[in-house]
Participant: 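There's a structure below that I have some questions on.
Any value given below was found using the heavy atoms of this structure, including those in side chains, with hydrogens, waters and symmetry copies removed. Letters A, B, ... mirror the listed sequences (proteins, then strands); counts begin at 1.
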Amino acid sequence: MQNEEDEEAELEVLAEFSHPVPWQKIEAQGLDLDYALLFSKEEADALFKQLEEEVMYSTGEEAKVQVFGKLHNIPRRQATYGDAGLRYTYSGRTHLACTWTPTLEYIRDAVTNATGHTFNFVLINRYRDGEDHIGEHRDDEKELDPVCPIASVSLGAARDFVLRHRDARGKRGARRLEPVKLQLAHGSLLLMNPPTNTFWYHSLPVRKKVRLPRINLTFRRILLISRGEEPANVWSL
DNA sequence: TAGTATAACGGCG
DNA sequence: TCGCCGTTATACA
């Protein structure tokens with residue numbers, strides 16, 4: 001009985017998301033992206049509104065970051081959600097995941113259905129307007145599953161997204177590799193496939209003319225056991 | 001261990 | 001307004 005109910009629920013989810021997604025492939029040396037519009041405008045509007053009500057963003061120490069020895073407030077709002085007990089460390093700070101909200105589960109399942117990948121964590125960044133931004137970095141944390149893409153869902157104001165190859169940075173940047181620039185639309189999904197994050201930095205630059213907020217959700221798969229023997233990413237099981 | 005990298009900013013062109 | 005550069009002391013196996 002229980003099994004039948006589970007199967008029915010699964011079929012419902014499949015039916016709901018099974019419309020084919022028209023992917024656009026973006027490739028360069030060591031870069032592999034897939035881009036698609038996942039949600040209609042109407043659906044994306046509704047999801048944005050629900051997230052505005054549901055998501056609780058970090059405050060205080062959690063909302064600060066240390067770079068080159070100096071402590072700064074992050075120029076955006078940030079939140080971490082995922083499976084119970086999951087931790088994620090980046091930029092020298094460890095964040096404990098809040099448990100999934102219904103809206104986040106819905107979006108996660110839509111992404112899984114469109115990509116065939118499962119995710120146990122999402123980092124949420126909210127850019128209040130075009131002044132909010134994120135600097136160049138790679139998502140290269142050890143605890144990320146190296147074979148799983150990072151799935152980036154955009155809701156709200158469209159923003160430019162820039163990727164630069166690691167060998168094209170610095171004054172005497174060795175190789176002439178052009179940056180890759182994209183605009184991430186309301187309701188879009190961008191997959192950053194391996195090995196993109198090994199070679200390419202990405203950023204969301206300031207755009208003074210943008211007046212409206214954008215919410216970005218990056219779904220990830222975090223490994224439950226680190227290279228050692230310790231269950232580093234889970235509190236207690 | 002020592003060497004390496006830096007999710008931020010301000011100062012320019 | 002945009003994009004590139006240099007920073008600096010801390011964090012990490």
Participant: Charged N to carboxylate O below 4.0 Å: is that the case for Arg126(A) and Glu52(A)?
Facilitator: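 Counted as a salt bridge, because a side-chain N and a carboxylate O are separated by less than 4.0 Å.
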
Participant: Should Arg207(A) and Glu131(A) count as an ion pair when the cut-off is N to O under 4.0 Å?
Facilitator: no

Participant: Just checking Arg164(A): base, sugar-phosphate only, or nothing, at a heavy-atom cut-off of under 4.0 Å?
Facilitator: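 Sugar-phosphate only.
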
Participant: Please encode protein proximity along nucleotides 6-13 of chain B as a string of B, S and -, counting only heavy-atom distances under 4.0 Å.
Facilitator: BBBS----

Participant: Given atom CZ of Arg211(A) and atom C1' of dT1(C), what is their separation to the nearest angstrom?
Facilitator: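 So the two atoms are 13 Å apart, to the nearest Å.
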
Participant: Does the pair Glu136(A)/Arg169(A) count as a salt bridge with the N-to-O cut at 4.0 Å?
Facilitator: yes

Participant: Measure from CZ on Arg159(A) to C1' on dC2(C) and round the result to the nearest Å.
Facilitator: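 Rounded to whole Å, this separation is 13 Å.
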
Participant: Give me the ring orientation class for Phe48(A) and His186(A): parallel if the planes are under 30° apart, tilted from 30 to 60°, perpendicular past 60°.
Facilitator: perpendicular

Participant: If we call it a pair only when both distances are under 3.5 Å in a Watson-Crick or G-U wobble match, what pairs with dG10(B)?
Facilitator: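 Pair assignment: dG10(B) / dC5(C).
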
Participant: Just how far, in rounded Å, is C1' of dG3(C) from CG of Asp160(A)?
Facilitator: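 Rounded to whole Å, this separation is 12 Å.
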
Participant: What contact category does Val162(A) fall into here, base, sugar-phosphate, or nothing, at under 4.0 angstrom with non-hydrogen atoms?
Facilitator: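 The answer is nothing, as Val162(A) stays clear of every strand by at least 4.0 Å.
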
Participant: Please determine if Asp45(A) and Lys49(A) form a salt bridge, counting it only when a charged side-chain N lies under 4.0 Å from a carboxylate O.
Facilitator: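 Answer for the salt bridge query: no.
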
Participant: Please state how far atom CG in Leu71(A) lies from atom P in dT10(C), giving the value in whole angstrom units.
Facilitator: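 Going from CG in Leu71(A) over to P in dT10(C) covers 11 Å.
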
Participant: Could you tell me how far apart Asn197(A) (CG) and dA5(B) (P) are, to the nearest whole angstrom?
Facilitator: 16 Å

Participant: Would you call Arg214(A) and Asp129(A) a salt bridge, using N to O less than 4.0 angstrom?
Facilitator: no

